[in-house]
Amino acid sequence: MVHVNIFDTTLRDGEQSPGVNLNQLEKLEIARQLERFGVDIMEAGFPASSQGDFDAVRAIAQTIKNSSVTGLARAKKQDIDIAWDALKDAAEPRLHVFLATSPIHMKYKLMKTPEEVVNTAVDMVRYAKQRFPHIEWSAEDASRSDLDFLVQIITKVIDAGATVINLPDTVGYTTPEEYGRMFRYIRENVPNIHKAALSCHCHDDLGMAVANSLAAVENGVTQVEGTINGIGERAGNASLEEIAVALNIRKDKYPYTTNLVLKEIKRTSDLVSRFTGMIVPPNKAVVGRNAFAHESGIHQDGVLKNALTYEIITPELVGVTSNDLVLGKHSGRHAFKDKIEQMGYTLSPEKLGEAFTSFKLLTDRKKEVTDEDLFTILTDIQTSTIDVKKYELVAFQVQYASANLPTATVALTTPDGNRVETACTGSGSVEALMNTLEALIEEEIHLTDFRLSSVGQGRDALAEVYVKMTVNGTSVSGRGSAQDVLEAAAKAFLNAVNRVFFNQRAMVQESAAF
């Protein structure tokens with residue numbers, strides 16, 4: 001059976017989704033989970049795009065040992081140099097360098113002739129080869145490029161040292177038949193193609209990213225690129241979890257192997273959804289809430305008699321559990337530690353103590369503590385910035401009656417240690433609370449998005465709130481969870497504001513280091 005490498009670009013292409021703003025701690029946590037999931041290569045970011053992205057890529061490269069870490073670079077020496085500085089400590093550093101090859105991109109974006117594009121691509125691959133043992137070269141907008149031009153440039157970049165050739169459907173334009181035919185043409189006409197692996201990278205603008213990726217595999221591609229939950233620019237990328245399960249369920253059609261640990265799919269999906277604030281649609285294939293639900297009486301009857309009548313994927317295959325009680329009010333620290341280790345988390349003694357305290361507080365309010373609840377606690381703890389001066393919620397109260405204007409009273413401690421308190425009104429309870437928090441904080445704040453969801457089911461389920469706002473003109477997001485919806489909203493608001501302090505401190509440290 002042919003082995004297919006999985007290239008995850010959630011932290012690069014996925015983070016380019018509108019409204020997504022991950023900090024370094026969140027990127028590290030996602031990277032660790034991707035490593036547990038078994039991806040072969042993870043694209044940690046675009047190091048030359050910003051100092052924050054550079055530092056995140058470097059931290060991931062220094063942390064991840066069982067996956068190859070790569071970074072994106074334009075066909076420019078400066079980008080390649082910066083990428084090397086970020087990736088040189090990786091267990092297996094590699095570079096992903098790209099250059100557009102379609103007529104429309106060469107003429108209007110690059111303003112280069114085809115000959116100039118070939119020369120630039122060859123020169124930059126040869127330059128990168130002086131440092132990087134693995135170089136992936138991408139022909140941006142390959143699906144709208146001239147095939148003979150692709151043959152010419154691919155032949156030359158392989159001679160220059162490229163070890164992977166990626167032909168992306170950058171704008172999600174092609175069809176499975178066309179995309180597969182392109183790879184077949186390249187395999188048949190590039191004389192040195194045996195020296196490099198072929199990779200596919202599909203966008204979902206016409207809803208065919210997964211189908212196109214599978215068509216590429218059928219035509220000799222041995223590396224598939226995509227993101228968790230299919231997030232990404234515009235309509236997103238190919239969903240890696242869908243590709244992984246399709247390869248597994250339809251082995252008769254796709255005799256290929258991967259290193260993915262399928263039971264980690266649900267946890268990986270939940271983590272990415274939580275940190276990005278992009279809620280997974282209930283009808284999303286493989287990971288949606290309704291993926292294993294059966295409403296029709298005919299379907300229910302069939303499933304009860306034999307699950308295979310309507311259920312081609314078992315929940316257990318992708319890590320969906322029954323969500324039974326896992327720990328309770330009387331569980332001790334040792335049982336708690338064993339449980340979180342089973343869930344794949346490794347916490348420092350300080351963070352373990354903080355997580356156990358949060359768990360005990362939750363058991364005082366919630367009768368049944370589930371894996372989803374623990375997942376929420378642990379991700380909050382792993383990405384907390386306890387050493388950063390910040391605003392903290394002391395107390396709040398919201399008064400609401402159908403005949404009266406809602407009023408919120410809030411007390412905070414400020415980054416300099418002072419206690420402040422005030423009250424404001426709003427057209428609803430949430431708006432009153434947001435107005436009060438905004439009044440207490442000195443920064444200029446504009447709330448642009450507010451989303452509410454539940455963690456698990458039942459009337460005592462945790463509420464999770466995701467907000468997006470601008471703080472002093474900088475776009476930032478935040479999240480918060482609590483059993484009370486308003487408390488979760490207040491935590492999300494303050495989480496977003498406090499990110500500004502975390503980012504400012506990081507920038508100061510970076511300036512001192514450089």
Can you establish whether the number of heavy atoms outside Lys107 located under 6.0 Å from its atom NZ is more than 12?
no
Looking only at side-chain N and O atoms, does Asn283 offer a donor or acceptor that is under 3.5 Å from a partner on Asn290?
no
Which residues satisfy the salt bridge (charged side-chain N to carboxylate O under 4.0 Å, His left out) test with Arg451, sequence neighbours excluded?
Asp449
Worked verdict on Glu178 versus Ser143 for side-chain hydrogen bond (donor to acceptor under 3.5 Å, both in side chains):
CA-CA 8 Å; Glu178 292 171 340; Ser143 58; over 6 Å; no
Taking the six-membered ring of Tyr173, is NZ or CZ of Arg234 closer than 6.0 Å to its centre and within 45° of its axis?
no
State, to 0.1 Å, how close Glu43 and Gly71 come at their nearest heavy-atom pair, and which atoms those are.
OE2-C, 4.3 Å
Does either side chain, that of Thr120 or that of Asp123, offer a donor lying less than 3.5 Å from an acceptor on the other one?
no
Shortest non-hydrogen contact from Ser269 toward Asn229
OG-OD1, 2.6 Å
Work out which heavy atom in Asn219 is nearest to a heavy atom in Phe183; give both atom names and the distance.
O-CB, 3.9 Å
Residue list, salt bridge (charged side-chain N to carboxylate O under 4.0 Å, His left out) with Glu341, at least two apart or on another chain:
Lys337
Go through the steps for Gln223 and Glu225 under the test side-chain hydrogen bond (donor to acceptor under 3.5 Å, both in side chains), then give the verdict.
CA-CA 7 Å; Gln223 178 176 292; Glu225 304 187 11; 3.3 Å; yes
Close side-chain approach of Arg289 and Val280, heavy atoms under 4.5 Å
no
In terms of side-chain heavy atoms, does Asp148 have a donor or acceptor partner in Tyr185 at a distance below 3.5 Å?
yes
Would you say Gln16 and Arg12 are linked by a side-chain donor-acceptor pair, where the criterion is simply a distance under 3.5 Å?
yes
Check: Phe46 and Arg74 side chains under 4.5 Å, non-hydrogen atoms:
yes
Would His201 and Asn237 count as a side-chain hydrogen bond (donor to acceptor under 3.5 Å, both in side chains) if you check the C-alpha gap in whole Å, the side-chain angles of each, and the deciding distance to 0.1 Å?
CA-CA 8 Å; His201 178 117; Asn237 291 260; 3.2 Å; yes
Do Thr101 and Asp141 have a side chain donor and acceptor closer than 3.5 Å?
no
With heavy-atom distances below 4.5 Å as the criterion, would you say the side chains of Pro191 and Thr155 are in contact?
yes
Residue pair Thr10 / Glu15, side-chain donor-acceptor N/O under 3.5 Å
no
Tell me if the NZ atom of Lys129 is crowded by more than 12 foreign heavy atoms within 6.0 Å.
yes
Do the ring centers of Phe132 and Trp84 come within less than 6.0 Å of each other?
yes
Please name the pair of heavy atoms, one in Ala246 and one in Tyr254, separated by the smallest distance, quoted to 0.1 Å.
O-CD1, 3.9 Å
Worked check of side-chain hydrogen bond (donor to acceptor under 3.5 Å, both in side chains) between Asp373 and Thr376:
CA-CA 5 Å; Asp373 297 324; Thr376 301; 5.6 Å; no
Check the surroundings of atom CG in Leu147: do more than 12 heavy atoms from other residues, nucleotides or ligands lie under 6.0 Å from it?
yes
In terms of heavy-atom contacts, Ser102 and Ser145 come closest through N-OG, 3.1 Å
So, taking the atom named CG in Leu95 and the one named CD in Glu136, what distance separates them when rounded to the nearest 0.5 Å?
9.0 Å
Ignoring hydrogens and geometry beyond distance, is a side-chain donor-acceptor pair present between His96 and Thr70 at under 3.5 Å?
no
Any Met42 side-chain heavy atom under 4.5 Å of Ser67 side chain:
yes
Derivation and outcome, salt bridge (charged side-chain N to carboxylate O under 4.0 Å, His left out), residues Glu26 and Arg479:
CA-CA 12 Å; Glu26 290 165 340; Arg479 65 182 187 279; 2.4 Å; yes
Residues Trp137 and Ala162: closest non-hydrogen pair is CB-CB, 4.2 Å
